[in-house]
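Before any comments, here is the structure.
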Number of protein chains: 2
Amino acid sequence: MSLKDLINKNLSHWVAGQGPERDIVLSSRIRLARNLDTIPYPNRADKDSKEEVTKRVLDATSKQGKIKLHYIKMDDLPEVEREVLVEKHLISPAHAKAGEGKGVLLNDNETISIMINEEDHLRLQVLIPGLQLEGAWETASELDDLLEEKLDFAFSQKWGYLSACPTNVGTGLRASVMVHLPALNLTNNINKMLGAISKVGLTVRGIYGEGSEYVGNLYQISNQVTLGHTEKEIIANLKSVTSQIIEQERQARNLLLKEKEIEVRDRVNRSFGILSHAYQISSEEALRMLSNVKLGIDMGIITDVDTGVLSELMVLIRPAHLQKLEGKELTPTERDIKRAELIKTRLNM
Amino acid sequence: MSLKDLINKNLSHWVAGQGPERDIVLSSRIRLARNLDTIPYPNRADKDSKEEVTKRVLDATSKQGKIKLHYIKMDDLPEVEREVLVEKHLISPAHAKAGEGKGVLLNDNETISIMINEEDHLRLQVLIPGLQLEGAWETASELDDLLEEKLDFAFSQKWGYLSACPTNVGTGLRASVMVHLPALNLTNNINKMLGAISKVGLTVRGIYGEGSEYVGNLYQISNQVTLGHTEKEIIANLKSVTSQIIEQERQARNLLLKEKEIEVRDRVNRSFGILSHAYQISSEEALRMLSNVKLGIDMGIITDVDTGVLSELMVLIRPAHLQKLEGKELTPTERDIKRAELIKTRLNM
């Protein structure tokens with residue numbers, strides 16, 4: 001597969017599309033945890049029960065005519081393809097480990113994914129570019145309603161939606177945004193910001209999920225609790241905080257331009273120079289450099305590179321994508337070399 | 001003055017010319033210390049005595065028809081022009097500090113310079129590209145003979161040529177080569193090499209003379225003593241050691257290509273990327289990066305850049321050259337920015 005094909009045909013909408021505040025907010029995500037009543041949670045269910053879940057879900061999704069979804073059985077996919085789905089943020093790393101009953105439903109542009117038999121029977125996800133939490137919520141809610149017409153979800157009047165993990169009980173909702181905050185980092189304001197976020201019921205993680213380090217000035221901000229607030233309250237709170245973060249990042253960028261223009265220009269240009277010339281590069285260094293280049297594009301320092309380069313490359317440079325592109329397994333060193341080639345090619349496209 | 005003019009019209013032959021082993025030996029230099037008999041050394045001479053020295057030397061050089069020399073009186077030159085001569089390695093930093101009686105004689109392509117009233121009455125220098133110590137010695141010796149026909153040099157049957165500084169007594173000869181040894185450094189063999197050199201009567205310095213640090217993998221190797229050996233012995237010894245160093249550097253390059261090709265390609269390419277994109281750069285970092293780029297050119301990794309780029313730029317990026325190019329004084333930050341621009345322009349020429 002050529003890089004052009006990979007970019008033109010294989011990018012999810014959240015990677016390649018547009019949305020409000022897209023220069024700072026790469027994506028908005030809504031995830032709902034749902035379980036079928038009377039069937040044990042996947043970690044305690046036998047094969048038959050899991051297959052029953054799949055059967056009922058596929059039945060429900062195929063009988064609604066509004067949202068077209070394709071089913072993929074995890075066991076049918078080669079490992080590299082399962083990893084590609086992880087790298088696209090469409091399934092969880094745990095779900096990529098093939099196992100009985102696991103599957104995923106995807107729509108064409110991959111804004112919707114429904115993991116079947118992950119931790120919960122269903123994990124509905126809507127993932128779209130820019131700051132559009134309400135838009136994502138509307139789609140998720142519509143999908144949830146369509147499914148609920150056909151399926152009996154485990155629900156308690158007292159607790160709300162039940163879930164395999166107590167942290168998901170209640171709304172079953174996890175709302176999150178992926179934000180790019182290079183200027184808050186360069187002006188040494190990022191830690192203050194992260195501290196403030198944790199005090200308003202939100203949590204911050206790196207882009208590769210729980211436990212992953214912050215890299216490339218990219219942060220996933222999401223609600224901590226799913227119980228005790230309505231979905232709308234949770235989303236409104238996250239949206240409001242995100243708007244404040246955007247405002248502060250913009251102020252930090254203006255400050256940089258006023259007080260550290262030379263250093264910023266230098267950092268941006270050097271990062272571009274390294275990305276367009278390195279013979280080998282690790283994912284982590286590439287993300288750091290791409291973050292600088294994106295800042296340069298957003299600040300008008302670099303004018304001949306597309307602003308989507310960071311979100312595209314943060315996905316494309318990951319191991320499974322590289323191996324899919326090359327059509328074979330690669331050693332870590334081979335990946336570092338291919339990654340450097342891919343970035344060079346993309347920057348010259 | 002444009003950069004093209006500066007490069008095309010203002011580069012000394014040692015910077016822009018060719019010579020044997022030029023990929024490793026940037027230049028060969030012969031310097032002779034001479035004093036006129038019966039006149040005190042410059043540090044103890046009055047104005048009249050110094051003017052007498054100048055008068056006699058100019059008289060002697062003008063009366064020979066073989067080597068055409070131009071006289072420049074230091075006091076007549078603006079400071080930036082005096083510094084340019086230092087950066088071209090044509091006069092010493094001490095000589096650039098204007099003062100009575102100081103001057104320099106230069107030939108057209110600046111392979112010959114004669115400082116007048118520096119530490120000694122005369123410091124004859126021949127500086128040519130590549131490993132051509134004998135060639136440089138022949139020119140220096142011919143010049144010395146021509147001058148000696150007209151001038152009485154202070155000479156003792158016991159000690160040889162007398163000099164203001166005891167370390168120059170005897171032959172008054174300092175022979176040196178400027179070598180570029182990146183592979184010996186990358187393979188961690190440089191310190192062993194430098195240690196060995198000091199055991200055979202030679203001394204190693206950085207490119208900016210005594211006390212300067214090694215930067216850009218560039219080393220000046222010269223004889224330590226001027227007394228007790230003939231000129232031919234001193235030159236033969238330096239030439240022999242230099243040949244061994246060249247051999248070892250070439251072996252180290254082959255080793256790199258065999259055992260660390262990926263790392264070397266990466267280092268070379270990244271250095272080129274930084275040099276061709278940085279918005280500001282210090283002299284020291286520029287020399288380090290240029291050293292990598294030159295190694296890349298010499299090893300065939302970079303094919304579209306001229307091999308002379310290191311020797312040209314190591315001179316052109318220095319402060320006085322930058323200020324001459326801009327036609328005005330520059331702050332250190334302005335110099336770092338102009339230096340980055342100049343390097344970019346030169347790499348794209």
Side-chain angles (χ1 to χ4, degrees), chain A residues 186 256-286 288-297 299-305 309 317 330-348, chain B residues 186 256-286 288-297 299-305 309 317 330-348:
Chain A
L186 284 174
L256 282 180
L257 211 50
K258 216 159 56 183
E259 295 184 359
K260 292 191 172 180
E261 189 186 344
I262 291 171
E263 290 83 349
V264 172
R265 281 187 182 276
D266 192 45
R267 173 185 287 259
V268 165
N269 289 359
R270 282 167 180 254
S271 299
F272 185 88
I274 288 171
L275 287 175
S276 55
H277 288 84
Y279 187 74
Q280 61 175 353
I281 195 162
S282 69
S283 296
E284 203 222 298
E285 187 188 4
R288 279 194 286 115
M289 299 293 123
L290 283 167
S291 169
N292 292 333
V293 166
K294 177 161 164 62
L295 178 67
I297 296 167
M299 287 175 78
I301 295 170
I302 293 180
T303 52
D304 52 355
V305 179
V309 74
I317 62 173
L330 300 170
T331 65
T333 299
E334 287 171 339
R335 290 205 300 264
D336 286 350
I337 294 172
K338 289 296 169 190
R339 181 178 295 115
E341 276 177 23
L342 185 151
I343 293 170
K344 252 176 283 196
T345 308
R346 177 64 188 84
L347 289 179
N348 290 325
Chain B
L186 284 174
L256 283 180
L257 211 52
K258 215 158 57 183
E259 296 184 359
K260 293 194 170 178
E261 189 186 344
I262 291 170
E263 291 83 349
V264 172
R265 280 187 183 277
D266 192 45
R267 172 185 287 259
V268 165
N269 289 359
R270 282 167 181 254
S271 299
F272 185 86
I274 288 171
L275 286 176
S276 56
H277 288 84
Y279 187 73
Q280 61 176 351
I281 195 162
S282 69
S283 296
E284 204 221 298
E285 186 188 5
R288 278 193 287 114
M289 299 293 124
L290 284 166
S291 169
N292 292 333
V293 166
K294 177 161 164 63
L295 178 67
I297 295 168
M299 288 175 77
I301 296 169
I302 293 180
T303 52
D304 52 356
V305 180
V309 75
I317 63 173
L330 300 169
T331 66
T333 300
E334 286 170 340
R335 290 205 299 263
D336 286 350
I337 295 172
K338 290 295 168 189
R339 181 177 296 114
E341 276 178 23
L342 184 151
I343 292 170
K344 253 177 282 197
T345 308
R346 177 63 189 86
L347 289 178
N348 290 325

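Owing to the predicted nature of the structure, the values given are computational and were not obtained by experimental measurement. Below, chains carry the letters A, B, ... as their sequence lines are ordered, and counting in each starts from 1.
Counting non-hydrogen atoms of other residues, nucleotides and ligands closer than 6.0 Å to CZ of Arg267(A) gives a total of 12 or fewer. Annotation for Lys260(B): atom NZ does not count as buried by contact number, only 12 or fewer foreign heavy atoms lying within 6.0 Å.
The distance from atom CD1 of Ile337(B) to atom CD1 of Ile262(A), rounded to the nearest 0.5 Å, is 3.5 Å. Here CD of Gln280(A) is found 6.0 Å from CD of Glu263(B). Values are rounded to the nearest 0.5 Å.
In terms of heavy atoms, Glu285(A) sits closest to Arg270(B) at OE2-NH1, 2.7 Å.
Listed options Gly273(A), Ala278(A), Ala340(A), Ser276(A) were ranked by heavy-atom pairs under 4.5 angstrom with chain B; first place goes to Gly273(A). Each of Asp336(A), Asn269(A), Asp266(A) has some count of heavy-atom pairs under 4.5 Å with chain B, and the biggest count is that of Asp266(A).
In this structure, chain B has no heavy atom under 4.5 Å from any part of Ser271(A).
Within the 4.5 Å cutoff, the side chain of His277(A) has no heavy atoms near those of the Leu275(B) side chain.
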